[in-house]
Undergrad: 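Here you go, one structure.
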2 protein chains.
Amino acid sequence: MNIIDEIGILAISTRLQRLSEQLRKDGAQIYSYFNIDFEPKWFPVIYTLHVKEMLSVVEIANEIGYSHPSTISLLKELEKEKIISSKKDKQDERKRLIILTAKGKELVSKMQPVWSIMTITLNEITNTQNNLLRAIEEAEQNLTRQGFLQRAIDIKSKG
Amino acid sequence: MNIIDEIGILAISTRLQRLSEQLRKDGAQIYSYFNIDFEPKWFPVIYTLHVKEMLSVVEIANEIGYSHPSTISLLKELEKEKIISSKKDKQDERKRLIILTAKGKELVSKMQPVWSIMTITLNEITNTQNNLLRAIEEAEQNLTRQGFLQRAIDIKSKG
DNA sequence: CAAAACTATGTAGTTAACTACATATATACA
DNA sequence: TGTATATATGTAGTTAACTACATAGTTTTG
């Protein structure tokens with residue numbers, strides 16, 4: 001056990017990041033093992049388009065919680081891979097509407113059984129005494145109620 | 001299991017990363033609010049040196065769980081800030097031994113009350129029904145027992 | 001005891017996110 | 001109605017981690 005594991009809560013940001021990175025890398029290995037040419041970072045965009053069919057760039061960015069420039073760079077890759085395509089919105093010429101191509105939809109159906117397996121596997125890993133997904137949701141809710149900085153200021157003035 | 005739950009766990013890597021990033025940014029604001037010139041990313045190195053006094057580059061990298069090149073680049077910044085200093089190991093000329101400078105030690109004592117406040121605050125945020133730190137530890141333990149890929153392969157062959 | 005293997009450090013280049021700024025179009029209001 | 005404001009997209013540059021490779025020193029072994 002190293003120091004970061006020992007310090008506990010103060011290093012929680014580092015811990016979250018490390019676990020995220022590990023799951024992302026393992027996810028990439030799983031796609032590769034099942035002979036699917038897909039990068040984990042594409043998942044949020046593709047899944048969103050699978051469910052919502054057609055969205056603008058900013059709508060996707062909001063759905064996946066990324067900045068719009070990050071989203072644009074993902075969309076560029078996916079367009080190069082011919083997994084998505086886009087066209088101007090006739091009603092609003094500023095907007096670019098994104099959809100899955102036939103190839104993209106095919107890819108989604110090929111991935112669905114793998115997603116099921118991943119879901120089962122991730123539940124095995126994270127549905128422990130303290131459920132990781134619930135824990136994230138609860139922490140995010142607390143942060144929404146009152147931010148980290150404001151809480152720290154309050155504790156200082158009280159303590 | 002419905003679609004929302006499915007995307008929930010499938011997107012867990014993204015969720016972990018986002019929460020990590022938010023806490024890191026908020027942490028930076030807290031240091032700044034308390035007039036401390038310190039970046040959250042330096043924390044693992046500084047805390048490690050505070051506890052272990054003197055370590056080589058690779059020893060620090062192992063303690064904080066980063067690659068050695070990442071560690072080198074953090075050490076470069078900290079050396080520029082005169083928070084740490086380093087000297088060759090006389091016993092093993094390959095090694096560079098790192099210690100906190102007087103300025104570094106002063107900084108640590110200035111930060112300790114802030115770390116206490118952060119600890120309280122982070123516990124408020126994460127010690128919910130499902131404790132986030134425990135949840136991370138439990139998930140990491142499960143991954144150590146058997147990796148994500150191997151679990152996925154097992155489920156495929158069973159299912 | 002010299003060659004091979006290993007270990008420690010360092011450099012170069014990549015990646016995947018970000019912020020700040022720029023531009024085009026749409027909407028609101030004086 | 002035309003100017004100010006807001007929104008959508010895009011570009012440039014930054015950041016903080018990584019991997020792959022290079023080099024120097026140490027240890028092992030045939």
Undergrad: Under a 4.0 Å N-O cut-off, is there an ion pair linking A:Arg96 with A:Glu59?
TA: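 No salt bridge links A:Arg96 with A:Glu59.
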Undergrad: Can you check nucleotides 23-26 of chain C for protein contacts, nitrogen or oxygen pairs under 3.5 Å, and list what you find?
TA:
from, atom 1, to, atom 2, distance (Å)
C:dT25, O2, A:Arg94, NH1, 3.4
C:dA26, OP1, A:Glu93, N, 2.9

Undergrad: Under a 4.0 Å heavy-atom cut-off, which of residues 54-73 of chain A touch DNA chain C?
TA: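 Under 4.0 Å from DNA chain C: A:Tyr66, A:Ser67, A:Pro69, A:Ser70.
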Undergrad: Do B:Gln146 and B:Asp154 meet the criterion of a side-chain donor-acceptor pair at a distance under 3.5 Å?
TA: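 There is such a pair between these side chains.
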Undergrad: Name every donor-acceptor pair, under 3.5 Å, that has one atom in a side chain of residues 33-47 of chain B and the other anywhere in the protein, sequence neighbours excluded.
TA:
from, atom 1, to, atom 2, distance (Å)
B:Lys41, NZ, B:Glu77, OE1, 3.1
B:Lys41, NZ, B:Glu77, OE2, 2.9
B:Trp42, NE1, B:Glu77, OE1, 3.0

Undergrad: Regarding A:Lys88 and A:Glu93, does a basic nitrogen lie under 4.0 Å from an acidic carboxylate oxygen?
TA: no
Undergrad: Do we see a donor-acceptor contact under 3.5 Å between the side chains of A:Ser85 and A:Thr101?
TA: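 Looking only at side-chain atoms, A:Thr101 and A:Ser85 do not form any donor-acceptor pair under 3.5 Å.
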Undergrad: Nucleotide range of DNA chain D contacted by chain B, 5' to 3', under 4.0 Å to a heavy atom?
TA: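 For DNA chain D, the relevant span reads D:dA16 to D:dT26.
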Undergrad: More than 12 heavy atoms of other residues, nucleotides or ligands under 6.0 Å from CD of B:Glu106: yes or no?
TA: no
Undergrad: With B:Glu21, which residues qualify under salt bridge (Lys or Arg N to Asp or Glu O under 4.0 Å), at least two apart?
TA: B:Arg24
Undergrad: Taking NZ, NE, NH1 and NH2 as the nitrogens, is one of them in B:Glu63 or B:Lys52 under 4.0 Å from a carboxylate oxygen of the other?
TA: yes
Undergrad: Does A:Arg24 or B:Lys25 map to a spot on DNA chain C nearer the 5' end, using the closest nucleotide for each?
TA: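 In this pair, the answer is A:Arg24.
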Undergrad: If you apply the rule salt bridge (charged side-chain N to carboxylate O under 4.0 Å, His left out), what do you find for B:Arg18 with A:Glu140, and how did you get there?
TA: CA-CA 10 Å; B:Arg18 201 191 302 171; A:Glu140 281 177 346; 5.0 Å; no
Undergrad: List the residues meeting side chain to side chain donor-acceptor pair (under 3.5 Å) with B:Tyr31, not counting sequence neighbours, and say none if there are none.
TA: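 So B:Tyr31 forms a side chain to side chain donor-acceptor pair (under 3.5 Å) with B:Trp115.
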